[in-house]
Amino acid sequence: MDLRRWNVRHVRQVLSVAPAFAPFPQTDSAELASLKARLGDPIIADLLAHAERDVETPMPALPARLYHEFREIGRREGYEDAQRQRRNMLYRLTLAEWLGGQGRFLPALEEIAWARLEETNWAWPAHARELDRYEEPTLDLAAAMTALDMAEMDYLIGERLSPNLRARLRVEVERRAMGPFLLRNDHWWLHSTPEKQVNNWTAVCVAGAVGAALYLEADIDRLAEIVTRGLHSLADYLETFDREGGSSEGPDYWTYGFGNYVVFAQLLHARTGGAIDILESPFVRDIAQFPLRTMLGPGVWASFSDSDHNPIFHPGLLTHLARHLDLPDLLGLGMQNDFAVDQFNQFAWPLRQYAWPLPEEAAPARPGPHDWYDEMAWMVSRLDPADPKALRLAAKGGHNDEMHNQNDVGSFMVVASGKVVLTDPGRGRYSKAYFGPDRYQNLFASSLGHSVPVINGYEQAPGRDRKADVIEHVHSAAEDRLALEMASAYPDEAGLKRLERRLTLRRDVPAGRVELDDRYEFAAGAGQFQSVLVTPLGAQLDGGSVVVGEPGAGVSIAFDHNEIEVGFDRRERQEKQYQPAVDLTRIVFTPRQQNREGRVALAISPLI
């Protein structure tokens, strides 16, 4: 699907004949009454009770000193947490007034809405760094999401809002989002360049700025320009996906980036009467199945890049995709409806949670025994997909200049009895340093935090040329195997000539087995080679093997103890984003004799 085929003239023609824009039911409509009946009285009553408490709760302050904390000490949580509290109060009040407020929540709703319109910055401190000049607002993720927040609040509550508020809302959304999107070309996320590829930002910012225009822009000629610019930008975003629909940003950023693509798709479909449907293509259908294909077991996904093993996929997103693209397995990912509205950064998802809840019952998703993303070199292998406790393996090749990059060429994770026993630890805490020059000193972004070798004391280096070449990929009834040549992932100073890594999930042995086989050769003379496994569980040496976890939720790692010695490098309280800190243990397997060539072979079996 080429979104660039749409031009301003064609988009205008479509917009000019489209029916009335009605993406969601409005107050006093039969459609809203039907929605309320489906939700049921208890859910709505609980929402109204929360909104009543919001009426009595003081609004969090956002002083300039909180904004400057990121610049001064690299901390973003102070401002963002307070801003998020404001957002969620406004979201609850808006939903409560929409579904049953009858005017009682309007004063509190307008008070917070005015405060949000008067914030100096809608952009987050990590992105703008400084408080904006009035004439040059920063259009980032948060600013774009806020624009859509305001537009959807205006649509749902409509003329019950004061005329002054509605007028100011339009001025601020134009100044901070719609105008900058249309008139400025300095947004790095607008299009890919040879130096930098776009990523999830593109979908989020387009959904926010252009989505708001679909609600608010009255000039059809100008709206056609904005929509066309958005479609062309999204064409670059779609090019970030593997040809099988995979994203190197991982499942967490699928729900954020592609989720916002879907938000925009639904609004554009409604605004054009279905004439422009950017979900209807085989490629987008493949992208929509990414969480199905990266699922390792109930509640566990491949956690490569800045993604965690337990992502949350928004219920409204799954419901819409399942219906629109006839993908019922998306309803069975194990997600639950959550009507609490207390941890959101954008109104799009609580609104769509209430508008498109998951069904009360859905058949569990049915992943196959094997999935493969060729361009990214991601392999997901399941011993027995029907048994949630059976062994699982996820492994990747790729390169070290991916979106939300971590130096993780050759990384893998193993799941046994539904528990992550060998991990790719996902994302670290989003500090100033994490997205700055010191990123790879952080354990989560460094190859030291991944199950990959250390060569002569050197870890992997960043860069697109620091990569793996796929030697072999095999899927059969007996085994799944990925073989990589990955010496180029390391700096020249490591002195490595060859490093072949083979990862195999064996189906032809009882209970299955994962085999790791690292074969290496140094360019000149003997060197030190260390093969590392990373676990969030306890690990100890037990005779000729290492035991990780416990019976029923662990693995035994067999090795030749005459040739290899084992060490344990424990890293406690490693800070993560959106999750509690974790304790990680690096299990280090080192050949006792340094040679020019060598091999480390490990057999990883579930503890029964």
**Q.** NZ/NE/NH1/NH2 to OD/OE distance under 4.0 Å, Arg293 and Glu244
**A.** no
(Q) Salt bridge check, Glu515 against Arg513: does any charged N sit closer than 4.0 Å to a carboxylate O? (A) yes
**Q.** Ring centers of Trp124, Tyr79 separated by less than 6.0 Å
**A.** no
Q) Can Asp583 and Arg573 be counted as an ion pair, charged N to O under 4.0 angstrom? A) no
Q: Would you list the pairs meeting salt bridge (Lys or Arg N to Asp or Glu O under 4.0 Å) in which at least one residue belongs to residues 342-354, sequence neighbours left out?
A: Glu152-Arg352
Q.
Looking at every non-hydrogen atom in both residues, tell me the closest pair between Pro251 and Thr294 and how far apart they are.
A. CG-OG1, 3.6 Å
Q) Looking at Asp438 and Lys432, does any basic side-chain N land under 4.0 Å from a carboxylate oxygen? A) no
Q. Sub-3.5 Å donor-acceptor pair from the side chain of Ser446 to the main-chain atoms of Leu448, do we have one?
A. yes
Q: Quick one: do Phe290 and Phe241 satisfy ring pair (Phe, Tyr, Trp, His ring centres under 6.0 Å)? Show the steps, please.
A: CA-CA 10 Å; Phe290 186 59; Phe241 289 86; 7.6 Å; no
Q: Using only heavy-atom distances, determine whether the side chains of Ser381 and Asp480 contain a donor-acceptor pair under 3.5 Å.
A: yes
Q.
Salt bridge or not between Arg501 and Asp517? Use side-chain N to carboxylate O under 4.0 Å.
A. no
Q. Does the distance from a Lys or Arg side-chain N to an Asp or Glu carboxylate O, for Arg71 and Glu130, drop under 4.0 Å?
A. yes
Q) Which residue pairs pass the salt bridge (Lys or Arg N to Asp or Glu O under 4.0 Å) test with at least one member in residues 441-457, sequence neighbours excluded? A) none
Q. Will you find, in the side chains of Ser303 and Asp308, an N or O donor that is under 3.5 Å from an N or O acceptor?
A. no
(Q) Could you check whether Gln579 and Asn310, counting side-chain N and O atoms only, form a donor-acceptor pair closer than 3.5 Å? (A) yes
Q.
How close do Ala416 and Gly554 get, counting heavy atoms only, and between which atoms?
A. CB-O, 3.9 Å
Q: Report, as yes or no, whether the 6.0 Å neighbourhood of atom CZ on Arg366 holds more than 12 heavy atoms from other residues, nucleotides or ligands.
A: no
Q) Would the number of heavy atoms belonging to other residues, nucleotides or ligands and lying under 6.0 Å from CD of Gln336 be above 12? A) no
Q) Between Asn337 and Gln353, do the side chains contain an N or O donor and an N or O acceptor separated by less than 3.5 Å? A) yes
Q | Any side-chain heavy-atom pair of Leu190 and Thr202 under 4.5 Å | A | no
Q.
Between Phe347 and Tyr91, is the ring centroid distance below 6.0 Å?
A. yes
Q: May I ask you to check whether His314 and His320 show a side-chain donor-acceptor distance below 3.5 Å?
A: no
Q. Are any of the side-chain nitrogens in Asp569 or Arg571 under 4.0 Å away from the carboxylate oxygens of its partner?
A. yes
Q: Compute whether any side-chain donor of one residue and acceptor of the other, for His50 and Arg53, lie under 3.5 angstrom apart.
A: yes
Anything under 3.5 Å between a donor and an acceptor, one on a side chain of residues 256-265, the other on a protein residue two or more places apart or in another chain? List them.
from   : atom 1 : to     : atom 2 : distance (Å)
Asn260 : OD1    : Gln346 : NE2    : 3.0
Asn260 : ND2    : Tyr256 : O      : 2.8
Asn260 : ND2    : Gln346 : OE1    : 3.2
Tyr261 : OH     : Ile278 : O      : 2.7

Q | Donor-acceptor side-chain pairing of Tyr67 and Asn121 below 3.5 angstrom | A | yes
Q) Any ion pair linking Asp384 and Lys389 (charged N to carboxylate O, less than 4.0 Å)? A) no
**Q.** Ion pair check, Glu249 and Arg427, cut-off under 4.0 Å
**A.** no
Q) Does one side chain, of Asp306 or Gln406, offer a donor that lies under 3.5 Å from an acceptor on the other? A) yes
Q. What pair of heavy atoms forms the shortest contact from Ser531 to Leu516, and how long is it?
A. OG-CD2, 3.8 Å
(Q) Check Glu77 with Arg429, please: is the shortest side-chain N to carboxylate O separation under 4.0 Å? (A) yes
Q) Counting only heavy atoms not in Leu292, do more than 12 fall under 6.0 Å of its CG? A) yes
Q | Minimal non-hydrogen separation, Met486 against Ala468, with atom names | A | CB-CB, 4.2 Å
**Q.** Arg87/Asp149 ion pair, N-O < 4.0 Å
**A.** yes
Q.
If we check salt bridge (Lys or Arg N to Asp or Glu O under 4.0 Å) with Glu402, which of these qualifies: Arg466, Lys467, Lys396, Arg464?
A. Lys396
Q | Atom pair CZ/CG of Arg75 and Leu66 - distance to nearest 0.5 Å | A | 8.0 Å
Q. So, does Thr535 use its side chain to make a donor-acceptor pair with the main chain of Leu537 at under 3.5 Å?
A. yes
Q | Minimum heavy-atom distance between Pro137 and Arg176, given as atom pair plus value | A | CG-CA, 4.0 Å
Q.
Pair Phe435, Tyr430 - check ring pair (Phe, Tyr, Trp, His ring centres under 6.0 Å), show working.
A. CA-CA 7 Å; Phe435 288 103; Tyr430 283 7; 4.9 Å; yes
Q.
Looking at Asp401, is its backbone amide N or carbonyl O close enough to the side chain of His399 to form a donor-acceptor pair, meaning the two atoms are under 3.5 Å apart?
A. yes
